[in-house]
2 protein chains.
Amino acid sequence: MATRSIKEVARLARVSVGTVSNVLNRPEIVAPATRARVFDAIRELGFVRNEVARHLRVGRSRTVGLVVLDVANPFFADVAQGAEALADEHDTMVVLCNSGTDPNRERRHLDQLEQQRVMGILITPVDAGSPRLADLAARGTPVVLVDSAATGLQCSVAVDDRLGGQIAAAHLIERGHRRIAFVGGPPSIKQVADRRAGAAGAVEAAGGVELLDASMPMLSAAAGRAAGERVAALPPAERPTAALCANDLLALGFLQAMAACGLSVPGDMAIVGYDDIDFAAAAAVPLSSVRQPRELLGRTAVELLLEEVAHPERHRHRQVIFQPDLVVRESSALRRRD
Amino acid sequence: MATRSIKEVARLARVSVGTVSNVLNRPEIVAPATRARVFDAIRELGFVRNEVARHLRVGRSRTVGLVVLDVANPFFADVAQGAEALADEHDTMVVLCNSGTDPNRERRHLDQLEQQRVMGILITPVDAGSPRLADLAARGTPVVLVDSAATGLQCSVAVDDRLGGQIAAAHLIERGHRRIAFVGGPPSIKQVADRRAGAAGAVEAAGGVELLDASMPMLSAAAGRAAGERVAALPPAERPTAALCANDLLALGFLQAMAACGLSVPGDMAIVGYDDIDFAAAAAVPLSSVRQPRELLGRTAVELLLEEVAHPERHRHRQVIFQPDLVVRESSALRRRD
DNA sequence: AGATCGTTTTGAATCGACTCAAGCTGCGGT
DNA sequence: ACCGCAGCTTGAGTCGATTCAAAACGATCT
């Protein structure tokens, strides 16, 4: 329970606290003999620098918060790994916070992170328009939006979701599908809305194709199963022949529902997912999916943040946008006779 | 960039800093009129309490660190969700840190967490025997081992891995398999070693059964694929007829390799995984797997930690052990003729 | 008016580490 | 013997919030 402070180290080493601080921060300016004495004292006491006190003076910590919509979604795990990789190189710690698409939990996490004076926050917001984010930036905590485009008030890294939705829908249309279900999530989530808009665009451009909505209030596999059951229950004549899912968890759930309801994939129902998480390729029927550069997204977010922190004055907010691409697998392999 | 302090609030509200602090912490003892003036000032300045300074005085923050071996493994995502659920109820924040089974990264995360004076640390250690963990506890940061039993120096929550390994192996033996491959991970990881020991026990008890080792240096799907390719390359006579994988990621990779090599599952090769992550049921061939109470593991870990923090004196370290159970699915469904 | 008591408010001390101007030492040069 | 200087070390002041003994206030009673 003994919490040692710099003062005790100083006493044991028979030097002043200033010297101990120097040993810790600029060892080269301390005489070797003194330095050795201080190190001995540190070892003997098991002293650990109190970052709390340190950053009180210094102002900000070397921690960045990454707030994600769902830790259970491997997409975010991969984004986190990308972020961690670059942060590590800059001696910075990434802490992962899970909002679970709940605005209240998101707010509490943001409060906590701001109160802790983290170096910056990377966030995939539940609601990108929330003034809370602008406030944060205004009060001095840099924010980078992840997987969601900003309006100029902050940096952002994103993937072109409209384009992703469009190529996915275009692919299904090209395969001969004329009734396509869009399986989305909560309407407040921007990514989902954009993917849907992209799909709608492709449908309109094609002509003679219908886009039905089968959205759920969540973006989980369980929600996907529920959506699948609903769609499977439709009379065959009205039932869509393809589903475009807003993420792979939904798609996997949807796929399971098809199997449970005795519909074949892709024969009776083609499926395209989104994110191309590793499990998509390993599914019962390997899933076609829109691939996003997941690690790169996280890595770039940290890059932008470090840039902003390093030169707050001359920094200009940037919006980086990556291109998605479609990976076609068995779940949408068949060509439908028109 | 304006970081408002309690002092500025005090000036604007024309009271002393002590009063502002009282408004923040014990509003009931402040006269209503004064309280209102202070709140107005807080709102006007957009003041946010600096937790760093606060905890310098108070000692510890209301954050617990959860250090996991692999964020990309859904098993840990579920543990994290269990931990978060209970922590939330106690107004405590969980931050997730990823060691990626790298002892160095683990050490850096622990250093950071200790320096930040977190309330406590939940960890699935790369090496449970490391003195670093005992040091932490000795210096006043409570530690709870997750998914790994402790020796009495700290609390722990775990699942009986020997039993898990044993029932998995017994199941395969009962299904008629006589050559079983154990696909493990790095030998330092205790869970893996225990599962293997359990399997070895079952094999020995049965007699006439061989346990081959096909361990990899990682616990990822990619490692599983590599292991699968190696095993598939063996001449059919020497090739095991079943694989027991130390976790589901390995099992999924192994399964993919079987498909790629033209071996049927479970016909040519039965597979049993471990953890029963959600994706196991959705795999190309639904995976049999040893189920662990994932959320409960996280929840209980937080419970033990809160207990220790609340009554440091009277606290006695506890080791909680849960029982795993086997979920049989298609990947090990067939009975082999002897 | 003065004493008394309860309610509010005050402000100095404190937590641990950092910074920096000022002080100390010892050495070489004159 | 004295000066200058480089190399080290010192210690007071600071960051922002909390705590708590003491002061201020105001209402009530004699």
Side-chain angles (χ1 to χ4, degrees), chain A residues 1-39 41-42 45-62 111-112 114-119 139-141, chain B residues 1-39 41-42 45-62 111-112 114-119 139-141:
Chain A
M1 190 42 220
T3 303
R4 284 38 173 80
S5 78
I6 207 178
K7 221 180 277 177
E8 299 179 56
V9 174
R11 180 146 37 83
L12 181 59
R14 324 196 91 250
V15 297
S16 73
V17 295
T19 299
V20 178
S21 179
N22 281 336
V23 169
L24 260 25
N25 301 296
R26 307 192 272 313
E28 69 283 0
I29 74 159
V30 177
T34 317
R35 201 193 307 153
R37 251 192 6 260
V38 173
F39 276 132
I42 288 177
L45 292 175
F47 165 80
V48 176
R49 213 224 247 86
N50 186 337
E51 284 292 303
V52 171
R54 167 172 228 227
H55 292 134
L56 170 58
R57 193 99 226 301
V58 168
R60 296 215 160 253
S61 76
R62 290 211 65 81
D111 287 351
Q112 276 267 15
E114 182 176 21
Q115 287 174 1
Q116 295 194 359
R117 299 295 192 270
V118 293
M119 187 170 122
R139 284 198 295 263
T141 302
Chain B
M1 191 39 220
T3 303
R4 284 36 174 81
S5 77
I6 208 177
K7 222 181 276 178
E8 300 179 57
V9 173
R11 180 146 37 84
L12 181 60
R14 325 196 89 250
V15 297
S16 73
V17 295
T19 300
V20 177
S21 179
N22 281 335
V23 169
L24 259 24
N25 299 297
R26 307 191 270 315
E28 68 284 359
I29 74 158
V30 178
T34 318
R35 202 193 307 154
R37 247 185 18 255
V38 172
F39 276 132
I42 287 177
L45 292 174
F47 165 81
V48 176
R49 213 224 247 88
N50 185 336
E51 283 293 303
V52 171
R54 167 171 227 227
H55 293 135
L56 170 57
R57 195 97 226 299
V58 168
R60 297 218 157 251
S61 76
R62 289 211 65 80
D111 286 351
Q112 277 267 16
E114 182 175 22
Q115 287 172 359
Q116 294 192 359
R117 299 295 193 266
V118 293
M119 187 171 122
R139 284 197 295 262
T141 303

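We name chains A, B, ... by the order of the sequence lines, and we start the count at 1 in each one.
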Starting at [atom1] of [X] and ending at [atom2] of [N], how long is that distance when rounded to a whole Å?
X	N	atom1	atom2	answer
B:Leu45	D:dA17	CG	P	12 Å
A:Lys7	C:dG16	NZ	C1'	7 Å
B:Arg49	D:dC15	CZ	C1'	17 Å
A:Asn50	D:dC15	CG	P	19 Å
B:Arg11	C:dT9	CZ	P	20 Å
A:Phe47	C:dG16	CZ	P	10 Å

Between residues 22-35 of chain A and DNA chain D, which residues have a heavy-atom gap below 4.0 Å? A:Asn22, A:Val30, A:Ala31, A:Thr34
Could you check B:Val48 against A:Gly18 and say which one's nearest nucleotide on DNA chain D is further toward the 5' end? A:Gly18
So what does A:Val20 touch, heavy atoms closer than 4.0 Å: a base, only the sugar-phosphate, or nothing? nothing
B:Thr19 side chain N/O closer than 4.0 Å to the phosphate oxygens (OP1, OP2) of C:dT10? yes
B:Arg35 side chain vs B:Pro27 backbone, donor-acceptor pair below 3.5 Å: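 Confirmed, B:Arg35 side chain pairs with B:Pro27 backbone.
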Looking only at heavy atoms, which two atoms of B:Arg54 and B:Asn25 are closest? And how far apart?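 Shortest heavy-atom contact: NH2-OD1, 2.9 Å.
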Nucleotide of [options] approaching [X] most closely (side-chain heavy atoms):
X	options	value
A:Ser5	C:dA17, D:dT18, D:dG16	C:dA17
B:Val17	D:dT18, C:dT10, C:dC18	D:dT18
B:Ser16	C:dT10, D:dT18, D:dT10	C:dT10
B:Arg54	C:dT10, D:dT18, C:dA17	D:dT18

At what distance, to the nearest 0.5 angstrom, does [atom1] of [X] lie from [atom2] of [Y]?
X	Y	atom1	atom2	result
A:Arg11	A:Ser5	CZ	OG	8.0 Å
B:Ser16	B:Asn22	OG	CG	8.0 Å
A:Ile29	A:Thr34	CD1	OG1	11.0 Å
B:Phe47	B:Leu12	CZ	CG	12.5 Å
A:Glu114	B:Asn50	CD	CG	10.0 Å

